[in-house]
Amino acid sequence: MQIAGATALVTGANRGLGAEFTRQLVARGARVYAAARRPETLEEAPGVTPLTLDVTDPASVAAAAKAAPDVDLVVNNAGIARMTTLVDGDLDDIRAEMETNFFGSLSVVRAFAPAMVERGSGAFVQVVSALSWVPFVGAGGYGASKAAAWMLGESVRAELVERGVEVLTFALAATDTDMMAFSDVPKNDPAVVVAAALDGLAAGAWEVLADDDTRGAKRSVAG
Ligand SMILES: NC(=O)c1ccc[n+]([C@@H]2O[C@H](COP(=O)([O-])OP(=O)(O)OC[C@H]3O[C@@H](n4cnc5c(N)ncnc54)[C@H](OP(=O)(O)O)[C@@H]3O)[C@@H](O)[C@H]2O)c1
């Protein structure tokens with residue numbers, strides 16, 4: 001994927017990893033649609049076009065795809081973590097995690113893939129988690145939704161690769177954003193992990209595992 005000159009769209013671009021993806025894509029020469037469900041929270045910057053997008057709202061996703069028909073890179077980044085337990089956690093919270101992290105990502109893929117297939121080129125970055133592969137008590141619903149989001153990326157790649165569209169799976173462990181603000185575990189620097197993801201994308205990688213915890217988590221599945 002040639003990032004310089006590409007037209008990218010980042011979901012959840014107003015803060016955390018999404019804001020970092022936006023900054024670094026622009027720095028690498030891409031034009032970026034910064035998509036957020038509350039566009040008033042987006043920072044203005046050269047090379048950045050704000051776009052309203054709630055990934056759980058089909059009308060909002062359809063409107064964004066119509067407003068941005070020229071996108072050749074989508075960073076499927078928007079996500080929520082409600083810190084749920086599967087056995088006795090609030091089922092509405094568990095459903096919300098699945099709606100955003102799995103169905104939201106899927107909805108974005110389904111809206112933006114057809115134009116890429118038509119042009120015979122494009123890429124998705126699917127942001128998943130070390131918790132796609134290891135259980136963590138207190139984040140069962142999140143982990144299940146991120147396991148589903150991981151397989152979404154794998155399956156969409158298999159469906160699209162021969163039509164010229166790539167999918168990079170980007171997985172990471174605890175990283176210093178609002179999502180992990182409640183915890184004082186050691187955290188990745190968002191700038192470092194996003195740079196690793198974009199280096200992988202530029203090099204044609206299918207997967208970037210951002211840190212040792214994530215590499216260990218994925219290896220543990222085979223054990
Ligand atoms: N931080 C970590 O330790 C970590 C580790 C592994 C994976 N991840 C993944 O990395 C991605 C980014 O997370 P983050 O750490 O940057 O979290 P964050 O700081 O909490 O940001 C989450 C972003 O997603 C957006 N979002 C949530 N629901 C949305 C919806 N329905 N439609 C559109 N946007 C929505 C939020 O928008 P609002 O401002 O409107 O809420 C916000 O921009 C997520 O997929 C997360 O699961 C994070």
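Both ligands and their constituent atoms are indexed starting at 1 by order of listing. Just so it is clear, the structure is predicted and the values come from calculations on it, not from any experiment.
Atom CE of M116 sits about 12.5 Å away from atom CZ of R163, to the nearest 0.5 Å. To the nearest 0.5 Å, atom CZ of residue R219 and atom OG1 of residue T214 are 10.5 Å apart.
For ligand 1, the protein residues within 4.0 angstrom (heavy atoms only) are G12, N14, R15, G16, L17, R37, R38, L53, D54, V55, T56, N77, A78, G79, I80, T100, V127, V128, S129, Y142, K146, L172, A173, A174, T175, T177, D178, M179, M180.
In summary, of the residues considered (T7, D70, T49, T11), a side-chain hydrogen bond (donor to acceptor under 3.5 Å, both in side chains) with Y33 occurs for D70 alone.
Pairs engaging residues 184-198 under the side chain to side chain donor-acceptor pair (under 3.5 Å) rule: T175-N188, N188-D211 [sequence neighbours left out]. For residues 65-121, no pair satisfies ring pair (Phe, Tyr, Trp, His ring centres under 6.0 Å), with sequence neighbours left out.
By the ring pair (Phe, Tyr, Trp, His ring centres under 6.0 Å) test, F124 is found to be paired with no residue, residues two or more places apart in sequence or in another chain being considered.
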